[in-house]
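Here is the structure we will look at.
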Amino acid sequence: MSDTDTRRIEAVRDRIEHTLENISLNEDLPLTVAMSAGRFAAMRMFQLQGRAETLAFIDQCITTAELCEDIVRQLDEDA
């Protein structure tokens with residue numbers, strides 16, 4: 001993958017995350033936004049990559065979120 005492709009992919013990802021965050025804040029429905037985005041992602045990824053790769057991706061996202069929470073918790077305890 002070229003540097004241009006990488007930058008383009010990162011820009012699209014960042015725009016989508018920013019848009020979802022704004023909708024979540026403006027509508028005050030964070031769970032609804034998360035579930036809608038998750039539903040779209042899961043269904044589309046399943047169509048494009050199949051069940052195993054979709055579940056592995058979602059599992060990795062959850063693992064990353066858990067690690068981030070652990071790091072924040074540890075930083076709070078150290079402060």
Within this structure, what is the CG-CG distance for the pair D70 and L75, rounded to the nearest 0.5 Å?
11.0 Å

Would you mind writing out the side-chain donor-acceptor pairs for residues 57-64 within the sub-3.5 Å range, not counting sequence neighbours?
| residue | atom | partner | partner atom | Å |
| --- | --- | --- | --- | --- |
| T63 | OG1 | D59 | O | 3.0 |
| T64 | OG1 | Q60 | O | 2.9 |

Can you see which heavy atom on M1 is nearest to which on T6, and at what distance?
SD-OG1, 3.6 Å

With rounding to the nearest 0.5 Å, note down the distance linking CD in Q49 to CG in L55.
11.5 Å

Below 3.5 Å, can you tabulate the donor-acceptor pairs from side chains in residues 27-44 to any protein atom, sequence neighbours excluded?
| residue | atom | partner | partner atom | Å |
| --- | --- | --- | --- | --- |
| S36 | OG | T32 | O | 2.9 |
| R44 | NE | Q47 | OE1 | 3.4 |

Using atom types as modelled, flag every donor-acceptor pair under 3.5 Å from a side chain in residues 7-22 to any protein atom, sequence neighbours excluded.
| residue | atom | partner | partner atom | Å |
| --- | --- | --- | --- | --- |
| H18 | NE2 | N22 | ND2 | 3.0 |
| T19 | OG1 | R15 | O | 2.8 |

